[in-house]
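One structure is given here, and the rest of the page talks about it.
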Amino acid sequence: GVTPLRVRALCAEHRTLDSAKAVVQAFAEAVRSPAAERQMESVLRGLDPRVGTLRLDLEQKELPLVVVDLGLSERVPLSQAGQGMYRLVAILAELLGATPELALIDEIENGLHHSVLEHVWTGLAEVAERLGVQLFVTTHSYECIEAAHAAFSKRPSYDLRVIQLFRLRQGVAGRVLGRDLIETGIEGGIDLR
């Protein structure tokens, strides 16, 4: 028989109780591995160098909270540490906990400042390589593509591709850009989105 592909669509909204529960469950699964926990914390330090550790706060019996040490007198609930931090924890927890073979991430840059995007891409590339996960990530941000290119250019293997989709009268057409075309586009100021 054929083994089904393990696929995850990663959504990092924290506006509903169900999505908050999903993040807590994914986080709890991910941090069972000390290596995964350290990798998550390392990537998060790129967003905020004050990040120490992340823990589950079990005081709330109905819904435990993920809390983060930012060097303050008390840990801060993840939901109050900023949208970018929350989003990245949710994505990393799903990747590190569920270890899918294929992960879909919509608009990765949401909630993230452009200055941290290269670090985010570096962290995602390391996690994906270690776990053998193929990432498909959407973006409408030119800065996000530039940051991805910069991050992948520093890796031993440049395994980034940009897939452009175009709406035509007859439907949709697409093309795949490899390193040469991505570099040419960036150097020439051509919109690759």
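How far CG of Leu112 is from CD of Glu107: 12.0 Å, rounded to the nearest 0.5 Å. Separation of atoms OG1 (Thr99) and CD (Glu94) is listed at 10.5 Å; rounding is to 0.5 Å. Atom CZ of residue Arg87 and atom CG of residue Leu47 lie 12.0 Å apart, to the nearest 0.5 angstrom. Atom CG of residue Leu96 and atom CZ of residue Arg38 lie 12.0 Å apart, to the nearest 0.5 angstrom. Here Leu117 contributes atom CG and Glu146 contributes atom CD; the two are 10.0 Å apart, rounded to the nearest 0.5 Å. Asn110 contributes atom CG, which lies 12.0 Å from atom CD1 of Ile105 (distance to the nearest 0.5 angstrom).
Using a 4.5 Å heavy-atom cutoff, the side chains of Leu95 and Leu124 are in contact. Counting heavy atoms from C-beta outward, Leu104 and Asp106 have side chains that stay 4.5 Å or more apart. Two residues are said to be in side-chain contact when any heavy atoms from C-beta on lie closer than 4.5 Å; Leu135 and Val127 fail this criterion.
Sorted by first and then second residue, the ring pair (Phe, Tyr, Trp, His ring centres under 6.0 Å) pairs involving residues 117-149 (not counting sequence neighbours) are His149-Tyr158. Residue pairs meeting the ring pair (Phe, Tyr, Trp, His ring centres under 6.0 Å) criterion with at least one partner in residues 21-56, sequence neighbours excluded, do not occur; the list is empty.
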Side-chain donor-acceptor distances from residues 169-179 under 3.5 Å, at least two apart:
residue: Arg175; atom: NE; partner: Gln164; partner atom: OE1; Å: 2.5
residue: Arg175; atom: NH2; partner: Gln164; partner atom: OE1; Å: 3.0
residue: Arg179; atom: NE; partner: Glu183; partner atom: OE2; Å: 2.9

Output a table of donor-acceptor pairs, distance under 3.5 Å, between side-chain atoms of residues 65-72 and any protein atom two or more places apart or on a different chain; print 'none' if there are none.
residue: Asp69; atom: OD1; partner: Gly71; partner atom: N; Å: 2.8

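Between Leu192 and Gly185, the shortest heavy-atom distance links the atoms CD2-CA, 4.0 Å. Of all heavy-atom pairs between Arg6 and Ala98, the closest is NE-O, 4.5 Å. Taking each heavy atom of Glu29 and Gly97 in turn, the nearest pair found is CG-O, 3.4 Å. For the pair Ala151 and Thr122, the tightest heavy-atom approach, listed with the atom from each and the gap, is CB-OG1, 3.4 Å. The heavy-atom pair separating Pro100 from Arg8 by the smallest distance is CB-CG, 3.4 Å. Heavy-atom minimum distance, Ala93 versus Ala30: O-CB, 3.6 Å.
For Thr139, the side-chain contact (heavy atoms from CB on, under 4.5 Å) partners two or more places apart in sequence, or in a different chain, are Glu109, Ser141, Cys144, Ile145.
The hydrophobic cluster containing Leu92 also contains Leu56, counting ILVMFWY residues as joined when their side-chain heavy atoms lie under 4.5 angstrom apart, directly or transitively. In the hydrophobic clustering of ILVMFWY residues, with side-chain heavy atoms under 4.5 Å counting as a link, Leu58 and Val89 come out together.
Counting Ile, Leu, Val, Met, Phe, Trp and Tyr side chains that sit under 4.5 Å apart, directly or through other members, Leu168 stands alone, with no cluster partners.
Remark: of the listed residues Arg75, Glu41, Glu37, Arg75 is the sole one forming a side chain to side chain donor-acceptor pair (under 3.5 Å) with Thr53.
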